Asks: 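Take a look at this one; I'll ask things after.
The basis for the numbers below is simple: all heavy atoms, side chains too, and nothing from hydrogens, waters or symmetry mates. Here the structure is a predicted model, which is why all the values come from computation and not from measurement.
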Amino acid sequence: MNLFKRAWWRLIGAPGKSLMLVGLFFVICTLVLSGFLIQSAAARAADSAKKSVGAVATMQLDVNGLLASGKNNGSEGGGQNPGTIGSAGDLKRDLVDKICTSAVVADCNYTADGAAFPTKNTKLYQPVPAPAGQDTMGTDLFKVDGVRKLDEVSAFRNGDSKMIAGKGVEPDTKRNEIVIEERVAKENKLKVGDKVRLKIGSLAPGVDTSEHEFTVIGIYANSTPGTGQYVPAMMDPANQVYTNIEGASLLGGHTTDGGGTLKSATFTLTDPDDLDQLKEDAEKAGADLQIFPISVNDKQYKTLVGPITKTASFATVTVWLVAVAGTIILALIVASSLRERRGELGILLSLGEKKPKLLGQHLIEVVACAVIAIAFAGLGSQFLSEAIGNKLLADEVDSAHREAENDSLQPDYSDPSGMSRQGDDQPKADPIDSLDVHLGPADIARVGATGLGIAALATLVPGARVLRLNPRDILTKGD
């Protein structure tokens with residue numbers, strides 16, 4: 001008799017066992033397909049995030065690299081601040097501007113640090129005076145930041161500060177133009193267009209500390225409330241002054257040659273894989289990458305895809321566990337079924353039926369149940385994977401937010417004022433918090449191959465014993 005007919009009669013003759021196999025395969029295939037869909041959605045999201053945010057490469061001074069280069073010697077220690085790092089450690093804006101023209105750079109930004117002593121006509125905002133006897137020489141200064149674009153400063157991006165008069169710092173801002181906070185403006189009765197005088201805020205010996213005149217081109221308001229207690233002037237947001245790179249370099253006691261001295265520069269790459277090309281272009285522009293190394297900060301990308309990557313990893317583990325457990329369970333069920341049907345097997349073998357055909361019949365029965373289950377799994381897996389994936393993803397996103405809050409409290413030790421926080425110069429990014437699940441032919445093919453593979457393995461392994469026995473052994477020994 002045809003083995004396909006026997007398989008069909010067996011399936012309809014024992015509907016309970018057939019439905020059990022279909023149900024078991026449905027659970028296995030649904031979980032496996034859901035895992036595949038979560039993996040695919042995560043891969044698409046990561047790909048999209050990679051293209052949308054690219055990667056941020058940072059260029060700044062490496063003191064150890066400078067010392068190793070041998071350029072920090074006596075001849076390099078001149079300039080305004082002799083005996084310190086020297087001019088070889090100055091990152092020039094003109095050099096960075098050349099690197100910004102690289103074809104792999106989508107955007108660039110840079111900052112400079114400075115400080116300024118108050119003068120007779122420009123006073124600090126200090127609502128609470130310092131305690132008696134406290135030395136405030138090193139803190140009673142304006143904190144001066146040189147920026148390329150004011151609207152890219154973190155305080156303005158996140159809404160803590162906003163312009164209320166005039167304009168902010170732009171690439172074409174002159175070095176004698178500044179933006180001040182409204183409390184300082186009120187304290188000194190200043191408005192847009194007024195002139196102010198500030199004194200170079202360097203305490204290093206031998207540095208010129210003359211006064212320079214600046215024009216107020218903008219006034220901003222910072223929403224940080226006062227504490228009601230004494231706060232060193234440099235740490236009070238009201239005493240934060242913004243100007244361009246040359247202005248900050250001047251007030252910081254650095255040279256303004258080459259467009260000013262930068263603290264660091266960042267380059268947003270269109271593709272993280274373009275880092276080597278950026279380094280090559282930087283060297284062509286004249287940068288010494290031993291002194292000013294370029295490293296990729298992919299924190300924003302990791303923030304975006306971190307939770308969804310962890311969810312995909314969990315899905316991968318689930319797929320393997322379900323596949324292995326499903327194979328073992330099905331193998332036990334098939335082995336039990338073969339033992340129950342030992343009489344049928346013995347009779348068919350005694351009638352001359354070939355052993356491979358008997359095994360083929362069982363394989364057809366199991367595969368038929370698997371095909372039905374795969375069809376049903378394809379209908380329900382998209383909704384299940386989206387629900388499970390988003391629930392798992394929500395937990396990972398909450399964890400990522402908590403980690404981000406903890407990181408934001410860590411000080412940036414490269415800022416001598418201690419006011420900056422790690423990541424302040426990077427755009428804030430919210431993690432991807434939803435899965436875009438799509439069921440395609442490739443996913444059906446993958447789960448089909450997995451399901452049929454499980455069916456074949458679960459049938460052939462226990463069924464291999466049938467091929468080693470003869471009818472007499474099966475009928476007399478019951479195996």
Side-chain angles (χ1 to χ4, degrees), residues 45-61 91-113 145-163 167-174 179 218 220 242-249 258-287 289 292-305 404 412 414-415 420-432:
D47 222 30
S48 176
K50 183 177 180 180
K51 293 177 180 177
S52 63
V53 306
V56 177
T58 302
M59 184 180 193
Q60 59 187 3
L61 171 66
L91 179 59
K92 304 298 184 182
R93 190 193 69 180
D94 289 351
L95 171 63
V96 172
D97 283 338
K98 292 179 182 178
I99 301 174
C100 288
T101 61
S102 170
V104 300
V105 176
D107 191 20
C108 68
N109 198 16
Y110 37 71
T111 60
D113 285 339
D145 280 354
V147 298
R148 185 168 181 261
K149 294 180 181 179
L150 188 59
D151 57 8
E152 292 184 359
V153 174
S154 60
F156 286 83
R157 286 201 313 266
N158 60 32
D160 289 343
S161 297
K162 63 179 181 179
M163 296 297 302
K167 62 181 181 178
V169 178
E170 296 291 340
D172 59 352
T173 297
K174 299 176 182 179
V179 176
Y220 72 95
Y242 294 101
T243 182
N244 75 348
I245 300 300
E246 287 183 279
S249 298
T261 304
L262 305 179
K263 172 188 175 184
S264 65
T266 57
F267 310 93
T268 302
L269 306 181
T270 53
D271 190 321
D273 297 332
D274 290 334
L275 178 61
D276 289 339
Q277 182 61 50
L278 175 64
K279 290 181 177 180
E280 183 179 329
D281 293 343
E283 289 180 331
K284 289 180 180 178
L289 297 187
F292 303 108
I294 297 177
S295 59
V296 166
N297 180 357
D298 55 356
K299 182 177 179 179
Q300 188 181 11
Y301 172 74
K302 288 181 178 179
T303 299
L304 284 169
V305 304
D412 181 0
S414 65
D415 179 12
S420 298
R421 292 291 180 262
Q422 289 184 6
D424 275 356
D425 59 342
Q426 299 299 330
K428 297 297 184 291
D430 291 324
I432 297 172

Asks: To the nearest 0.5 Å, what is the distance between OH on Tyr220 and CG on Leu150?
Replies: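 Those atoms lie 8.5 Å apart.
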Asks: Minimum heavy-atom separation for Met163 to Gly218, with atom names?
Replies: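 Looking at all heavy atoms of both residues, the shortest contact is CE-CA, 3.8 Å.
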Asks: Does a side-chain N-to-carboxylate-O contact under 4.0 Å join Asp97 and Arg93?
Replies: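 Salt bridge: yes.
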Asks: Considering only heavy atoms from C-beta outward, does the side chain of Glu152 approach that of Asp107 to under 4.5 Å?
Replies: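 Yes, their side chains come closer than 4.5 Å.
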Asks: Look up atom SG in Cys100 and atom CG in Asn109, then write down how far apart they are to the nearest 0.5 Å.
Replies: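 That separation rounds to 8.5 Å.
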Asks: Taking all heavy atoms of Asn244 and all of Lys174, pick out the closest pair and write down the distance.
Replies: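 Closest heavy-atom pair between Asn244 and Lys174: ND2-C, 3.4 Å.
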Asks: With rounding to the nearest 0.5 Å, note down the distance linking CZ in Phe292 to CD1 in Ile294.
Replies: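 Between Phe292 CZ and Ile294 CD1, I get 11.0 Å after rounding to 0.5 Å.
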Asks: So, the side chain of Ser102 versus the backbone of Ile99: is there a donor-acceptor pair under 3.5 Å, distance only?
Replies: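 No: the side chain of Ser102 does not pair with the backbone of Ile99.
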Asks: Under the side chain to side chain contact (heavy atoms under 4.5 Å, CB included) criterion, do Val105 and Asp274 qualify, and how do the steps go?
Replies: CA-CA 9 Å; Val105 176; Asp274 290 334; over 6 Å; no
Asks: So, for Cys108 and Arg148, which heavy atoms are closest and what is the spacing to 0.1 Å?
Replies: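 Heavy atoms of Cys108 and Arg148 come nearest at O-NH1, 3.2 Å.
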Asks: Verify, without hydrogens or angle tests, whether Ser249 (side chain) and Thr261 (backbone) share a donor-acceptor contact under 3.5 angstrom.
Replies: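 Judged by distance alone, yes, a pair lies under 3.5 Å.
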Asks: Between atom CG of Asp151 and atom NZ of Lys162, what is the distance when rounded to the nearest 0.5 Å?
Replies: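 Reported to 0.5 Å precision, the distance equals 15.5 Å.
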Asks: If you measure from OG1 on Thr266 to CD on Gln60, what distance do you get to the nearest 0.5 Å?
Replies: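 Result: 10.5 Å between the selected atoms.
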Asks: Working note: Val56 + Leu269, criterion side chain to side chain contact (heavy atoms under 4.5 Å, CB included); need CA distance, chi angles, decisive distance, verdict.
Replies: CA-CA 6 Å; Val56 177; Leu269 306 181; over 6 Å; no
Asks: Between atom NZ of Lys149 and atom CZ of Phe156, what is the distance when rounded to the nearest 0.5 Å?
Replies: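 Rounded to the nearest 0.5 Å, the NZ-CZ separation comes to 15.0 Å.
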Asks: Hey, mind stepping through Lys167 and Thr173 against side chain to side chain contact (heavy atoms under 4.5 Å, CB included) and telling me if it holds?
Replies: CA-CA 10 Å; Lys167 62 181 181 178; Thr173 297; 5.7 Å; no
Asks: Salt bridge check, Lys284 against Glu280: does any charged N sit closer than 4.0 Å to a carboxylate O?
Replies: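 Answer for the salt bridge query: yes.
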Asks: Take Leu262 and Lys92 through the side chain to side chain contact (heavy atoms under 4.5 Å, CB included) test and state the conclusion after the steps.
Replies: CA-CA 6 Å; Leu262 305 179; Lys92 304 298 184 182; over 6 Å; no
Asks: For a quick test of reading the model, state the closest non-hydrogen atom pair linking Val96 to Ala265 and the distance between them.
Replies: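 Closest approach of Val96 to Ala265, heavy atoms only: CG1-CB, 3.7 Å.
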Asks: On a heavy-atom basis, which atom in Ala248 and which in Thr243 lie closest, and how many Å separate them?
Replies: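 For Ala248 versus Thr243, the nearest heavy atoms are N-CG2, 3.4 Å.
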Asks: Give me the atom names and distance for the closest heavy-atom approach of Gly259 to Glu246.
Replies: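 For Gly259 and Glu246, the tightest heavy-atom pair comes out as O-CG, 3.1 Å.
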